[in-house]
Amino acid sequence: MAVNLLDFDLDALTAWCEAQGEKRFRAVQLFRWVHQKGAADFEAMSDLAKSLRSSLAGQAEVRALPVLSEQQSADGTVKWLFGVGAGNAVETVFIPEEDRGTLCVSSQAGCAVGCRFCSTGHQGFSRNLTTAEIVAQLWHAEHRLRARRALPPGERAVDNVVMMGMGEPLQNYTALVPALRVFLDDHGYGLSRRRVTVSTSGVVPMIDRLREDCPVALAVSLHAPDDALRESLVPLNRKYPLAELLAACQRYLERAPRDFITFEYCMLDGVNDSVEHAHALVRLAGGRGPRGEAWPRVPCKFNLIPFNPFPASGLSRSPRDRVQAFASVLQAAGIVTTVRKTRGDDIDAACGQLAGEVQDRTQAFERLARRRVLPIARDPAEATAVAEPALEGRA
Ligand code: SAH
Ligand code: SF4
């Protein structure tokens, strides 16, 4: 099959062009056509020699993802559902704000981490996306939005990318890093390192590798101030407990483009949202564990996310005044804290509502049932009947 040029960062494209006997600068021209102009047809690449254009046509292509649906919310949020084959689909969300346009990009079909409050996690895991499938989400959104809004050349629609769609980006590291490089490259999308954010549930060794290979802004999904509670929400905490995670955050900041980590905290009614939890977070931010033990001190900001409910979770959203009281405790301690506005919830595009379509290969239903998040069905036929609406996970 022809190679997909969306799979290459500029170094890889240069190596590929050289292997075809082409000069290095041809790779830059080609890369700019693909990413800056959104071209997919080699014949349109007018400054490339005719001979190169025809040899490209035989061996390479710009293979975008098929769009299964596009929905626009009343608040301007746009959600695309892209097919990635074998019955799997992933979602990408564009969130327009006054001063910027943010694209929320998926990294996997499903997710193997299985957080209790996340609809993607409840669907189980099918597979990692390729670099091309990650890049294709920005490629499509950027060029489609530019055309629709008739933006002048040089003006971009997306200037902020957050890896906060479906999947755990640091469990798909080898495909993620070249994609981030395409986002950052001045010949690609030219995004600032401060405006590309990887969000992780805490894959400690990969936080260290990202610091070396491609430091961008880091968001860590914290959700709890102590290990026992965090384990019940984010199973990965058993492998990488809080003190280790905070140490990795501290090391990351040595090379990060920002001087703080963003801690995301999903507000779950009666679970992690009391004033006591907020005080424990203040201690954590000050380098103290739940029993007053010394923990790595991490300069941080908090982003409180009102939980977006879906039926199978059995959880509900914290009331607004509880979120406010919680935020006030953090703010009074001098910690910058924002409450995320829920955007696009009328089209199920809000955080944690991204469900796509996932052909689970990990028996997510059985895993969640074992952890008693879902009712345990004795009869397999009954299990399927309960699993279907549960795994669909729509609010
Ligand atoms: N896997 C990564 C990135 C994708 S999830 C991570 O966990 O960080 C992006 C963010 O959405 C995370 O902070 C996650 O905790 C949050 N989230 C997941 N489900 C949610 C829900 N139902 N309501 C609100 N936020 C949710
Ligand atoms: Fe995976 Fe993130 Fe959802 Fe947890 S919150 S299941 S890590 S996508």
Side-chain angles (χ1 to χ4, degrees), residues 90-93 95 102-126 128-129 134 161-173 176 197-204 206-207 210 216-224 230-240 245 249 261-269 271-273 301-318 323 338-345 348-356 358 360 362 364 367-368 371 373 391 393-395:
V90 298
E91 294 179 326
T92 309
V93 180
I95 306 144
T102 296
L103 194 71
C104 181
V105 170
S106 293
S107 57
Q108 300 179 309
C111 182
V113 177
C115 297
R116 200 174 141 192
F117 49 83
C118 173
S119 135
T120 307
H122 277 242
Q123 289 181 303
F125 176 69
S126 177
N128 280 327
L129 298 189
I134 298 172
V161 167
V162 294
M163 297 302 305
M164 293 184 187
M166 296 167 67
E168 169 48 58
L170 294 188
Q171 287 189 338
N172 184 14
Y173 189 81
L176 173 74
T197 300
V198 168
S199 174
T200 180
S201 56
V203 192
V204 165
M206 296 300 151
I207 294 178
L210 190 67
V216 291
L218 187 69
V220 169
S221 294
L222 201 65
H223 309 310
R230 192 163 191 273
E231 262 175 34
S232 74
L233 299 172
V234 184
L236 194 65
N237 194 78
R238 259 175 256 141
K239 201 161 177 190
Y240 304 115
L245 177 57
C249 291
I261 301 283
T262 303
F263 286 138
E264 294 163 282
Y265 197 98
C266 182
M267 300 291 292
L268 302 163
D269 186 16
V271 175
N272 64 354
D273 63 346
K301 292 188 181 176
F302 270 83
N303 192 211
L304 307 180
I305 316 173
F307 171 61
N308 291 308
F310 58 101
S313 70
L315 297 162
S316 43
R317 179 184 290 187
S318 304
V323 177
T338 49
V339 178
R340 191 176 293 172
K341 271 190 266 145
T342 297
R343 300 284 304 263
D345 52 352
D348 281 357
C351 299
Q353 286 182 322
L354 302 187
V358 175
D360 181 33
T362 61
R367 275 189 296 124
L368 291 164
R371 288 180 13 229
V373 172
L391 293 178
R394 297 291 176 123

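Atoms within each ligand, like the ligands themselves, are counted from 1 in listed order.
- Checked against a 3.5 angstrom limit, the closest N/O atoms of Phe307 and ligand 1 fall outside it.
- The part of Glu264 lying near ligand 1 is the side chain, judged by heavy-atom distances below 4.0 Å.
- Taking CE of Met163 as the reference point, atom CG of Leu176 lies at 5.5 Å (rounded to 0.5 Å).
- Ligand-side atoms of ligand 1 in range of Ile305: 13 (O), 24 (C), 25 (N), range being under 4.0 angstrom from any heavy atom.
- Atom 3 (C) of ligand 1 has its nearest heavy-atom neighbour, among Gly202, Cys115, Ser199, in Ser199.
- With respect to Cys115, the side chain to side chain contact (heavy atoms under 4.5 Å, CB included) criterion is satisfied by exactly one of Leu236, Leu233, Val234: Val234.
- Close approach of ligand 1 to Cys266 is summarised as follows: ligand atoms under 4.0 Å from at least one heavy atom of the residue are 23 (N), 24 (C), 25 (N).
- Residues forming a side chain to side chain donor-acceptor pair (under 3.5 Å) with Asn237 (at least two apart in sequence, or on another chain): Asp227, Arg230.
- Of all atoms in ligand 1, listed by their number and element, those nearer than 4.0 Å to a heavy atom of Gly165 are 4 (C).
- The aromatic rings of Tyr265 and His223 sit tilted relative to each other, their planes meeting at an angle between 30° and 60°.
- Using a heavy-atom distance under 4.0 Å as the criterion, the protein contacts of ligand 2 are Cys111, Val113, Gly114, Cys115, Cys118, Gly121, Gly167, Glu168, Ser201.
- Residue Gly167 places a heavy atom less than 4.0 Å from ligand 1.
- Here the side chain of Tyr173 pairs a donor or acceptor atom with the backbone of Leu210 at under 3.5 angstrom.
- Listed by number with element, the atoms of ligand 1 under 4.0 angstrom from any heavy atom of Cys118 are 18 (C), 19 (N).
- By heavy-atom distance, the residue among Arg340, His223, Arg116, Gln171 lying nearest atom 15 (O) of ligand 1 is His223.
- Looking only at atom types and distance, the side chain of Glu168 has a donor-acceptor partner in the side chain of Thr200 under 3.5 Å away.
- Between Val198 and the choices Val216, Val162, Val220, the side chain to side chain contact (heavy atoms under 4.5 Å, CB included) rule is met once, by Val216.
- Heavy atoms of Met163 approach ligand 1 to within less than 4.0 angstrom.
- Where the criterion is an N or O separation shorter than 3.5 Å, residue side chain and backbone included, Ser221 meets it with respect to ligand 1.
- His122 places no side-chain N or O within donor-acceptor distance of the main-chain N or O of Gly114, the cut-off being under 3.5 Å.
- Panel note: side chain Asp360, backbone Phe125; a donor-acceptor pair is recorded below 3.5 Å.
- Between the Ser106 side chain and the Glu91 main chain, a donor and an acceptor come within less than 3.5 Å of each other.
- In this structure, the side chain of Arg317 does not engage the main chain of Asn308 through any donor-acceptor pair within 3.5 Å.
- Panel note: side chain Asn272, backbone Cys266; a donor-acceptor pair is recorded below 3.5 Å.
- Within the listing of ligand 1, atoms 6 (C), 8 (O) sit less than 4.0 angstrom from a heavy atom of Thr200.
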